[in-house]
Amino acid sequence: AQSVTQLGSHVSVSEGALVLLRCNYSSSVPPYLFWYVQYPNQGLQLLLKYTSAATLVKGINGFEAEFKKSETSFHLTKPSAHMSDAAEYFCAVSLANQAGTALIFGKGTTLSVSS
Amino acid sequence: GAVVSQHPSWVICKSGTSVKIECRSLDFQATTMFWYRQFPKQSLMLMATSNEGSKATYEQGVEKDKFLINHASLTLSTLTVTSAHPEDSSFYICSAGRAGEAGELFFGEGSRLTVL
(Lines give C-alpha, C1' and ligand atoms only; values in the text may rest on other atoms or scores of the structure.)
Protein backbone atom coordinates (compact mmCIF):
# COMPACT_ATOMS: atom_id res chain seq x y z
CA ALA A 1 0.00 0.00 0.00
CA GLN A 2 1.11 3.52 -0.72
CA SER A 3 2.04 5.87 2.10
CA VAL A 4 4.22 8.86 2.84
CA THR A 5 5.98 9.92 6.00
CA GLN A 6 7.00 13.49 6.59
CA LEU A 7 9.78 13.82 9.14
CA GLY A 8 9.36 16.86 11.33
CA SER A 9 5.97 18.39 11.91
CA HIS A 10 7.50 21.83 12.28
CA VAL A 11 10.54 23.39 10.63
CA SER A 12 11.80 26.86 11.46
CA VAL A 13 14.31 28.76 9.36
CA SER A 14 15.56 32.29 9.05
CA GLU A 15 14.83 34.35 6.00
CA GLY A 16 17.47 33.59 3.38
CA ALA A 17 18.35 30.21 4.85
CA LEU A 18 18.05 26.85 3.17
CA VAL A 19 14.70 25.11 3.44
CA LEU A 20 14.66 21.31 3.68
CA LEU A 21 11.42 19.42 4.21
CA ARG A 22 11.71 15.67 4.36
CA CYS A 23 9.43 13.07 2.82
CA ASN A 24 9.84 9.31 2.58
CA TYR A 25 7.45 7.12 0.68
CA SER A 26 6.31 3.54 0.49
CA SER A 27 4.79 2.28 -2.71
CA SER A 28 4.08 -1.07 -4.28
CA VAL A 29 4.45 0.45 -7.75
CA PRO A 30 6.83 3.07 -9.16
CA PRO A 31 5.46 6.11 -7.39
CA TYR A 32 4.07 9.39 -8.55
CA LEU A 33 4.97 11.90 -5.86
CA PHE A 34 3.78 15.41 -5.16
CA TRP A 35 4.43 18.36 -2.91
CA TYR A 36 1.55 20.71 -2.17
CA VAL A 37 1.45 23.91 -0.14
CA GLN A 38 -1.50 25.12 1.90
CA TYR A 39 -2.05 28.58 3.31
CA PRO A 40 -4.49 29.07 6.22
CA ASN A 41 -8.10 28.32 5.34
CA GLN A 42 -7.28 27.64 1.73
CA GLY A 43 -7.08 24.66 -0.55
CA LEU A 44 -3.89 23.09 -1.78
CA GLN A 45 -1.59 24.37 -4.47
CA LEU A 46 0.79 22.11 -6.34
CA LEU A 47 4.45 22.98 -5.90
CA LEU A 48 5.90 20.19 -8.00
CA LYS A 49 5.45 16.59 -9.03
CA TYR A 50 7.51 13.56 -9.94
CA THR A 51 6.01 11.24 -12.54
CA SER A 52 8.95 9.01 -13.50
CA ALA A 53 10.79 11.49 -15.70
CA ALA A 54 13.75 13.51 -14.40
CA THR A 55 14.62 12.69 -10.80
CA LEU A 56 15.33 16.33 -9.97
CA VAL A 57 12.09 18.21 -10.25
CA LYS A 58 11.80 21.97 -10.24
CA GLY A 59 8.61 23.61 -9.12
CA ILE A 60 7.12 26.99 -8.49
CA ASN A 61 8.49 29.68 -6.16
CA GLY A 62 12.04 28.33 -6.35
CA PHE A 63 11.29 24.94 -4.80
CA GLU A 64 12.74 21.70 -6.06
CA ALA A 65 12.75 18.07 -5.00
CA GLU A 66 14.87 15.07 -5.81
CA PHE A 67 13.49 11.58 -6.18
CA LYS A 68 15.88 9.01 -4.71
CA LYS A 69 14.67 5.49 -5.21
CA SER A 70 17.45 3.94 -3.13
CA GLU A 71 16.44 6.04 -0.17
CA THR A 72 12.69 6.05 -0.94
CA SER A 73 12.82 9.79 -0.44
CA PHE A 74 11.44 12.89 -2.10
CA HIS A 75 12.73 15.79 -0.01
CA LEU A 76 11.72 19.36 -0.82
CA THR A 77 14.31 22.12 -0.84
CA LYS A 78 14.63 25.81 -1.50
CA PRO A 79 18.00 27.56 -1.40
CA SER A 80 16.79 30.76 0.23
CA ALA A 81 13.65 31.05 2.34
CA HIS A 82 11.31 33.98 1.99
CA MET A 83 8.80 35.17 4.54
CA SER A 84 6.01 34.30 2.12
CA ASP A 85 7.08 30.64 2.21
CA ALA A 86 5.61 30.25 5.68
CA ALA A 87 2.81 27.73 5.22
CA GLU A 88 1.87 24.08 5.59
CA TYR A 89 3.53 21.65 3.21
CA PHE A 90 2.21 18.24 2.30
CA CYS A 91 3.93 15.39 0.54
CA ALA A 92 1.62 13.02 -1.30
CA VAL A 93 1.73 9.80 -3.28
CA SER A 94 -0.73 8.67 -5.90
CA LEU A 95 -2.66 5.48 -5.27
CA ALA A 96 -2.23 4.58 -8.92
CA ASN A 97 -0.28 6.38 -11.55
CA GLN A 98 -3.10 7.54 -13.74
CA ALA A 99 -5.52 10.39 -14.02
CA GLY A 100 -8.48 10.27 -11.70
CA THR A 101 -6.72 8.59 -8.80
CA ALA A 102 -6.76 9.73 -5.19
CA LEU A 103 -3.68 11.00 -3.41
CA ILE A 104 -2.55 9.90 0.01
CA PHE A 105 -1.03 12.67 2.06
CA GLY A 106 1.60 12.83 4.74
CA LYS A 107 0.84 14.55 8.02
CA GLY A 108 2.27 17.81 6.84
CA THR A 109 5.12 20.07 7.89
CA THR A 110 4.60 23.60 9.09
CA LEU A 111 7.31 25.91 7.83
CA SER A 112 8.00 29.04 9.84
CA VAL A 113 10.29 31.76 8.49
CA SER A 114 11.70 34.39 10.78
CA SER A 115 13.26 37.70 9.82
CA GLY B 1 -4.84 25.71 -15.57
CA ALA B 2 -7.51 23.49 -14.12
CA VAL B 3 -9.81 25.21 -11.67
CA VAL B 4 -11.91 23.57 -8.99
CA SER B 5 -14.30 25.71 -7.01
CA GLN B 6 -16.18 24.99 -3.80
CA HIS B 7 -19.17 26.67 -2.30
CA PRO B 8 -19.75 27.79 0.36
CA SER B 9 -16.36 28.71 1.78
CA TRP B 10 -17.76 29.04 5.27
CA VAL B 11 -20.94 27.66 6.77
CA ILE B 12 -22.30 27.68 10.27
CA CYS B 13 -25.29 25.54 11.11
CA LYS B 14 -27.23 24.28 14.08
CA SER B 15 -26.86 20.76 15.32
CA GLY B 16 -29.30 18.42 13.61
CA THR B 17 -29.52 20.30 10.34
CA SER B 18 -28.07 19.27 6.99
CA VAL B 19 -25.51 21.16 4.99
CA LYS B 20 -24.67 20.82 1.31
CA ILE B 21 -21.26 21.68 -0.13
CA GLU B 22 -20.77 22.00 -3.86
CA CYS B 23 -17.63 21.22 -5.81
CA ARG B 24 -17.34 22.29 -9.42
CA SER B 25 -14.66 21.78 -12.04
CA LEU B 26 -14.84 25.05 -13.93
CA ASP B 27 -12.78 24.43 -17.03
CA PHE B 28 -12.62 20.66 -17.41
CA GLN B 29 -14.79 17.62 -17.01
CA ALA B 30 -14.20 15.32 -14.08
CA THR B 31 -15.65 11.84 -14.07
CA THR B 32 -14.11 11.37 -10.65
CA MET B 33 -13.83 13.77 -7.76
CA PHE B 34 -12.45 13.23 -4.29
CA TRP B 35 -13.62 14.55 -0.96
CA TYR B 36 -11.14 15.07 1.83
CA ARG B 37 -11.59 16.13 5.42
CA GLN B 38 -9.03 18.07 7.37
CA PHE B 39 -9.04 18.65 11.11
CA PRO B 40 -7.10 21.62 12.53
CA LYS B 41 -3.36 21.22 12.24
CA GLN B 42 -3.77 17.80 10.67
CA SER B 43 -3.45 16.19 7.30
CA LEU B 44 -6.06 15.54 4.65
CA MET B 45 -7.99 12.33 5.08
CA LEU B 46 -9.67 10.85 2.03
CA MET B 47 -13.35 10.43 2.74
CA ALA B 48 -14.77 9.21 -0.52
CA THR B 49 -14.45 9.02 -4.26
CA SER B 50 -17.28 10.60 -6.17
CA ASN B 51 -18.10 8.92 -9.47
CA GLU B 52 -20.19 10.64 -12.11
CA GLY B 53 -23.41 8.77 -12.70
CA SER B 54 -22.81 6.10 -10.09
CA LYS B 55 -22.49 5.59 -6.38
CA ALA B 56 -19.64 7.07 -4.44
CA THR B 57 -16.96 4.88 -2.94
CA TYR B 58 -16.39 5.56 0.73
CA GLU B 59 -13.24 4.98 2.72
CA GLN B 60 -13.31 2.69 5.69
CA GLY B 61 -14.81 4.34 8.72
CA VAL B 62 -16.71 7.02 6.80
CA GLU B 63 -20.46 6.86 7.33
CA LYS B 64 -22.13 6.90 3.93
CA ASP B 65 -25.49 7.82 5.44
CA LYS B 66 -23.92 10.77 7.22
CA PHE B 67 -21.96 12.07 4.27
CA LEU B 68 -24.09 11.86 1.15
CA ILE B 69 -22.27 12.34 -2.11
CA ASN B 70 -23.90 13.02 -5.45
CA HIS B 71 -22.06 13.42 -8.74
CA ALA B 72 -24.84 14.19 -11.18
CA SER B 73 -22.78 15.83 -13.90
CA LEU B 74 -19.23 15.88 -15.21
CA THR B 75 -18.57 19.21 -13.49
CA LEU B 76 -20.43 19.00 -10.21
CA SER B 77 -20.17 16.88 -7.10
CA THR B 78 -21.99 17.64 -3.86
CA LEU B 79 -21.33 16.56 -0.30
CA THR B 80 -24.25 16.73 2.09
CA VAL B 81 -23.54 16.42 5.78
CA THR B 82 -26.79 15.10 7.19
CA SER B 83 -27.98 15.72 10.75
CA ALA B 84 -24.78 17.55 11.48
CA HIS B 85 -23.28 17.48 14.97
CA PRO B 86 -20.41 19.47 16.47
CA GLU B 87 -17.97 16.63 15.81
CA ASP B 88 -18.65 17.06 12.09
CA SER B 89 -17.11 20.52 12.26
CA SER B 90 -14.12 20.44 9.98
CA PHE B 91 -12.54 21.73 6.78
CA TYR B 92 -13.82 19.83 3.76
CA ILE B 93 -11.83 19.95 0.54
CA CYS B 94 -12.74 18.52 -2.83
CA SER B 95 -10.40 17.71 -5.68
CA ALA B 96 -10.43 16.37 -9.20
CA GLY B 97 -7.98 15.07 -11.72
CA ARG B 98 -7.91 16.13 -15.33
CA ALA B 99 -7.37 13.77 -18.22
CA GLY B 100 -3.75 13.86 -19.33
CA GLU B 101 -2.47 15.13 -15.98
CA ALA B 102 -1.29 11.83 -14.64
CA GLY B 103 -1.77 11.65 -10.91
CA GLU B 104 -2.11 15.37 -10.23
CA LEU B 105 -5.20 16.56 -8.41
CA PHE B 106 -6.59 20.08 -8.48
CA PHE B 107 -8.10 21.27 -5.24
CA GLY B 108 -10.98 23.50 -4.37
CA GLU B 109 -10.62 26.30 -1.87
CA GLY B 110 -12.15 24.25 0.90
CA SER B 111 -15.30 24.67 2.95
CA ARG B 112 -15.16 25.38 6.68
CA LEU B 113 -18.12 23.81 8.46
CA THR B 114 -18.94 24.79 12.02
CA VAL B 115 -21.78 23.01 13.73
CA LEU B 116 -23.12 24.72 16.84
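Order of the sequence lines fixes the chain letters, A, B, ..., with proteins taken first and strands second; residue numbering starts at 1 for each chain.
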Check: Tell me, do A/Q38 and B/Q38 make a side-chain contact under 4.5 Å, heavy atoms counted?
Finding: yes
Next item on the list: Output yes when a side-chain donor or acceptor of B/Y36 lies under 3.5 Å from a complementary backbone atom of A/L103, and no otherwise.
Entry: yes
Check: Considering residues, nucleotides and ligands other than B/R112, do more than 12 of their heavy atoms fall under 6.0 Å from its CZ?
Finding: yes
Next item on the list: Compare every heavy atom of A/A102 with every heavy atom of B/L46, then report the nearest pair and how far apart it is.
Entry: CD2-CB, 3.6 Å
Next item on the list: Grab the two heavy atoms, one from A/Y36 and one from B/E104, that are nearest each other, plus how far apart they are.
Entry: OH-CG, 3.9 Å
Next item on the list: Count the heavy-atom pairs under 4.5 Å between each of B/F34, B/F91, B/W10 and chain A, then report the option with the highest count.
Entry: B/F34
Note to self: Between B/I93 and B/V19, is there shared hydrophobic-cluster membership here, with clusters defined by ILVMFWY side-chain heavy atoms closer than 4.5 Å?
What the structure shows: no
Next item on the list: Please answer: with hydrophobic residues joined when any side-chain heavy atoms are less than 4.5 Å apart, are A/F74 and A/L76 in the same cluster?
Entry: yes
Next item on the list: Check whether B/T32 gets within reach of chain A through its side chain, its backbone, both or neither, counting any heavy atom under 4.5 Å.
Entry: side chain
Next item on the list: Any chance you could measure B/Q42, atom CD, to A/E88, atom CD, to the nearest 0.5 Å?
Entry: 10.5 Å
Checklist line | Heavy-atom contact with chain B under 4.5 Å, split by part of A/Q45 | finding: neither
Note to self: Please say yes or no: joined through hydrophobic side-chain contacts below 4.5 Å, possibly via intermediate residues, are B/W35 and B/V81 part of one cluster?
What the structure shows: yes
Notebook entry, point to check: Would you find more than 12 non-hydrogen atoms of other residues, nucleotides or ligands less than 6.0 Å from B/K66 atom NZ?
Noted result: yes
Checklist line | Flag if over 12 foreign heavy atoms under 6.0 Å of NE2, B/H85 | finding: yes
Next item on the list: Examine distances only and state if a side-chain atom of B/S43 and a backbone atom of A/G108 form a donor-acceptor pair shorter than 3.5 Å.
Entry: no
Next item on the list: Say whether A/Y39 and A/L111 are linked into one hydrophobic cluster, either directly or through other cluster members, by side-chain heavy-atom distances under 4.5 angstrom.
Entry: yes
Item checked: B/M45 reachable from B/Y92 in the ILVMFWY side-chain graph, under 4.5 Å edges -> no
Note to self: Is A/F90 close to chain B through its backbone or its side chain, or both, or neither, when contacts mean heavy atoms under 4.5 Å?
What the structure shows: side chain
Note to self: Please classify the contact of B/L44 with chain A as side chain, backbone, both or neither, using a heavy-atom distance under 4.5 Å.
What the structure shows: both
